[in-house]
J.: 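The structure that follows is given in the form of C-alpha cells.
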Amino acid sequence: MAGRVAHAVDGDAQQGRVVYEKHCLPCHGAQGRGDGQFGRVTNPPAADFTSVVSRKKTDVQLLETIRNGRPPTAMEGWKGYLSDSEIQDVFVYVKTLRE
C-alpha cells in the first residue's frame, strides 16, 4: 500500500513553481538550498533539498512534511492553507530541485 500512496501523487511542476516562489522561496531559496532570506536565520536552518540527507527522504516523507510541517522547527504545515492540488504541485516542483 505504501508504494501505491507514493505513486498516487500527481501534480504540475510549473504550477508548483508559482506556489513555491510565493510561499517557500523566502526560506528554501530559489534553488531549494535552504539559503533563502529567512531560511538562513531559522534554527535549525531551512532544509536544503539538494543535500544527501534530503534526497534520501521518500516521496511520502517529503509530501507529509509539506502537508504537516516539522514541529518544533519553523517548517509549518501547509495543509489547510494550500489546497491539496497546490500541495501536490509544490511536491512535484520540489522533487525537480532535488535532481
J.: For the pair D89 (side chain) and Q15 (backbone), establish whether a donor and an acceptor sit closer than 3.5 Å, ignoring hydrogens and angles.
T.: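 Not at all, since once roles are kept as given, no pair shorter than 3.5 Å links the two residues.
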
J.: Kindly assign one of parallel, tilted or perpendicular to the pair H23 and W78, based on the angle between their ring planes and the thresholds 30° and 60°.
T.: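 The arrangement is tilted - the two ring planes meet at 30° to 60°.
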
J.: Distance-only, no hydrogens or angles: does the E21 side chain make a donor-acceptor pair with backbone N or O of V18 under 3.5 Å?
T.: no

J.: Enter the distance from Y81:OH to I87:CD1 here, rounded to the nearest 0.5 Å.
T.: 12.0 Å

J.: For the residue pair A46 and C27, what are the closest heavy atoms and their distance?
T.: CB-O, 3.4 Å

J.: To the nearest 0.5 Å, what is the distance between CZ on F91 and CG on D10?
T.: 10.0 Å

J.: Nearest 0.5 Å, please: how far is NZ in K57 from CG in L63?
T.: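 One gets 13.0 Å once the value is rounded to the nearest 0.5 Å.
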
J.: Hey, is the main chain of T58 close enough, under 3.5 Å, to the side chain of Q61 for a donor-acceptor pair?
T.: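 Here the side-chain-to-backbone pair exists.
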
J.: Between R55 (side chain) and R98 (backbone), is there a donor-acceptor pair under 3.5 Å?
T.: yes

J.: Without swapping roles, check the side chain of R40 against the backbone of G36 for a donor-acceptor pair under 3.5 Å.
T.: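 Indeed, once roles are kept as given, a pair shorter than 3.5 Å links the two residues.
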
J.: Does H28 reach the main-chain N or O of G39 with its side chain, forming a donor-acceptor pair under 3.5 Å?
T.: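 Not confirmed, H28 side chain does not pair with G39 backbone.
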
J.: Distance from L25 atom CG to F38 atom CZ, nearest 0.5 Å?
T.: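 Nearest 0.5 Å value for the CG-CZ distance: 10.5 Å.
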
J.: Is it the case that the side chain of R33 and the backbone of T50 share a donor-acceptor pair, with hydrogens and angles ignored and the cut-off at 3.5 Å?
T.: no

J.: Any heavy-atom pair between the side chains of T73 and P44 that's under 4.5 Å?
T.: yes

J.: Under 4.0 Å between a side-chain nitrogen and a carboxylate oxygen: does that hold for K95 and D59?
T.: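 So K95 pairs with D59 through a salt bridge.
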
J.: How far does CG of L97 sit from CD of Q31, to the nearest 0.5 angstrom?
T.: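 One finds 8.0 Å between CG of L97 and CD of Q31.
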
